[in-house]
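All values reported here derive from a predicted model rather than from experimental measurement.
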Amino acid sequence: MSFTSIPILDLAQASDPATKPQFLAELRHALMEVGFLYLKNVGIPDELFKQVIREGKAFFDIPEEEKLKIEMKNAPSFLGYSRLSAEITAGGIDHREQIDLSTEHPLPGPDAPLYDNLLAPNQWPSSSILPNFRETFTEYMNRMGEISISFTSLIAEAIDLPPDAFNKYFDGPGFGGRQNQTQQHKLKIVKYPDVGTLGSGKGNQGVGPHKDSMLSSYLLQASQHRGLQVQNMKGEWIDCPPIDGTLVVAIGQGLEALTQGVCVSTTHRVLSPEAGKGARYSIPFFQGVSGDAEFEDLENVGVGQVKEEIKELRRRVLEKNGGRLDDVEFTFRKGGVAKTLGEATLRNRVKSHQDVGEIWYPDILESVRAEQAALARKKSPVVEAVPIVGEGTAVEAH
């Protein structure tokens with residue numbers, strides 16, 4: 001039977017040898033049958049969570065002119081502020097206002113690949129207006145980076161891979177001989193206005209149906225609004241309501257590809273709050289991998305072969321449910337324009353934020369629009385997918 005709720009896992013159990021086997025069993029179930037889970041006791045103090053929420057909400061209350069000083073289109077990094085309804089998913093406008101941040105990097109040198117433009121300092125709001133904002137989110141991103149990498153090792157153990165199976169895609173010796181410092185964790189602070197604020201005829205798409213792009217993401221639901229929904233194997237939409245003291249973990253297409261389909265990347269969407277309910281706030285963190293990683297390696301080498309008995313468990317899940325109905329097809333594959341994850345990510349950012357692309361990447365934008373026009377001419381009945389490769393849009397939002 002397909003899932004009708006999202007499982008809740010206690011990360012503290014993974015630290016106790018007596019309870020770790022049960023934790024790994026529950027994690028394997030979530031990975032194979034759901035692709036989403038709540039995670040509690042992650043090791044971040046409650047006060048830091050509260051401060052992250054306070055500072056995140058406060059950002060949207062600063063004067064508009066202060067937000068526009070750090071607008072995303074000011075720089076080629078796709079970091080910074082995005083106005084309401086500035087992003088596109090699944091062919092529709094996402095009605096959200098947001099700021100994109102990341103673990104910071106120095107500006108790339110003149111000989112760096114173009115996709116290294118994504119690695120840059122953040123555009124921070126003025127400390128004279130939000131004096132604690134930068135310190136709060138720097139600490140939170142650093143802590144979440146450590147948690148995400150540690151949790152990825154537990155994912156590996158849950159499907160009987162070595163704990164360090166995914167480490168080659170994190171900071172360390174680089175691909176192609178380059179010293180690898182191209183791992184970039186991302187974070188968004190998102191405000192979804194209610195439909196009454198949006199006005200008539202705007203619809204209720206906070207974020208359209210999509211799959212996350214890479215390994216895993218960790219959502220802090222910063223208000224008590226429902227809105228996040230996950231699609232089960234029957235094609236039904238299941239609510240993922242806020243639960244105090246938890247993060248919502250979503251499995252990305254990259255993890256599904258690397259595990260040969262064992263870990264499932266699940267389609268999800270966000271609906272705008274109903275009129276009069278006020279804005280929904282969310283703060284998703286997206287685990288990064290090396291931009292130098294090549295699709296050839298990801299598909300042909302990856303983390304090695306998952307054991308046949310583990311693959312058989314996933315096959316039984318599919319058989320039990322009569323297959324998988326999905327509004328978004330799985331599209332993590334080589335053969336597109338991009339050869340590396342960095343190139344693919346840059347193309348997808350251009351597609352999602354075309355106002356930035358017009359200023360900084362007109363050639364890439366022209367290529368992306370040509371692909372979109374060709375796709376439109378085919379009039380495919382399949383909903384446009386959300387891949388990491390160049391054929392579609394990698395979405396980062398919950």
Presence of salt bridge, [Y] and [X], under 4.0 angstrom:
X	Y	answer
Asp160	Arg28	no
Lys191	Asp61	no
Glu157	Lys20	yes
Glu308	Arg315	yes
Arg369	Glu358	yes

Please give me the minimum heavy-atom distance between [X] and [Y], naming the atom from each residue.
X	Y	answer
Pro193	Pro273	O-CD, 3.5 Å
Ser148	Gln287	O-NE2, 3.3 Å
Val262	Ile310	CG1-CG2, 3.8 Å
His95	Leu84	C-CD1, 3.9 Å
Gln98	Arg96	OE1-NH1, 2.6 Å
Phe286	Ser217	CD2-CB, 3.6 Å

Determine, stepwise, if the pair Gln183 / Ser290 fulfils side chain to side chain donor-acceptor pair (under 3.5 Å). CA-CA 4 Å; Gln183 182 184 4; Ser290 168; over 6 Å; no
Working for side-chain contact (heavy atoms from CB on, under 4.5 Å), residues Glu66 and Ser126: CA-CA 8 Å; Glu66 291 294 327; Ser126 172; 4.0 Å; yes
Residue pair [X] / [Y], side-chain heavy-atom distance below 4.5 Å:
X	Y	value
Val303	Tyr169	yes
Val264	Met32	no
Ser352	Phe78	no
Lys339	Glu294	no
Leu215	Phe170	yes
Ile189	Phe60	yes
Ser272	Asp194	no
Gln260	Gln305	yes

Which residues share a salt bridge (charged side-chain N to carboxylate O under 4.0 Å, His left out) with Glu309, sequence neighbours left out: none
Tyr81 and Asn74 side chains, donor-acceptor separation under 3.5 Å: no
Quick one about Gln51 and Glu55 (side-chain donor to acceptor, distance below 3.5 Å, no hydrogens or angles considered), yes or no?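 Result is no, nothing qualifies.
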In the single-linkage hydrophobic clustering (I, L, V, M, F, W, Y; side-chain heavy atoms under 4.5 Å), do [X] and [Y] co-cluster?
X	Y	answer
Ile129	Val52	yes
Leu107	Leu118	no
Leu37	Val42	yes
Val350	Leu79	no

Working to the nearest 0.5 Å, report the span between [atom1] of [X] and [atom2] of [Y].
X	Y	atom1	atom2	value
Thr4	Lys234	OG1	NZ	9.5 Å
Leu341	Leu298	CG	CG	5.0 Å
Ile70	Leu101	CD1	CG	8.0 Å
Ile243	Gln224	CD1	CD	10.0 Å
His29	Leu24	NE2	CG	14.5 Å
Arg54	Leu130	CZ	CG	12.5 Å

Would Trp237 and Thr267 satisfy side-chain contact (heavy atoms from CB on, under 4.5 Å), going step by step from the backbone distance to the final call? CA-CA 9 Å; Trp237 289 104; Thr267 298; 3.8 Å; yes
Main chain of [Y], side chain of [X]: is a donor-acceptor contact present, judged purely on distance under 3.5 Å?
X	Y	value
His268	Thr266	yes
Asn232	Phe3	yes
His185	Gly288	yes
Asn122	Trp124	no
Thr246	Lys40	no
Asp239	Pro241	no
Gln123	Glu71	yes
Gln221	Cys240	yes
Asp100	Lys186	no
Thr136	Asn132	yes

Parallel, tilted or perpendicular: rings of Phe23 and Phe151 (30°, 60°): perpendicular
Parallel, tilted or perpendicular: which fits the ring planes of Tyr140 and Phe49, with parallel below 30° and perpendicular above 60°? perpendicular
Kindly determine whether Lys320 and Glu33 satisfy salt bridge (Lys or Arg N to Asp or Glu O under 4.0 Å), including the steps that lead there. CA-CA 11 Å; Lys320 180 176 65 176; Glu33 301 202 28; 3.5 Å; yes
For Glu343 and Thr340, what are the C-alpha separation, side-chain angles and deciding distance, and is it a side chain to side chain donor-acceptor pair (under 3.5 Å)? CA-CA 5 Å; Glu343 294 173 77; Thr340 66; 3.1 Å; yes
Between Arg347 and Val368, is a side-chain contact (heavy atoms from CB on, under 4.5 Å) present by the stated rule, with each step listed? CA-CA 7 Å; Arg347 290 183 65 83; Val368 165; 3.8 Å; yes
Are more than 12 heavy atoms, taken from residues, nucleotides or ligands other than [X], located less than 6.0 Å from that residue's [atom1] atom?
X	atom1	answer
Glu312	CD	yes
Glu236	CD	yes
Lys57	NZ	yes

May I ask you to list the residues sharing a hydrophobic cluster with Val317, side-chain cutoff 4.5 Å, ordered by chain and number?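 Members other than Val317 - counting any ILVMFWY side chain reachable under 4.5 Å - are Met233, Leu318.
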I'd like to know whether Ile283 forms a side-chain contact (heavy atoms from CB on, under 4.5 Å) with Phe137, so could you lay out the CA-CA distance, the side-chain angles of the two residues, the decisive distance to 0.1 Å, and finally the verdict. CA-CA 11 Å; Ile283 305 173; Phe137 282 99; 4.3 Å; yes
Pairs in or reaching into residues 129-140: which pass salt bridge (Lys or Arg N to Asp or Glu O under 4.0 Å), with residues at least two apart or in two chains? Glu104-Arg134, Glu139-Arg143
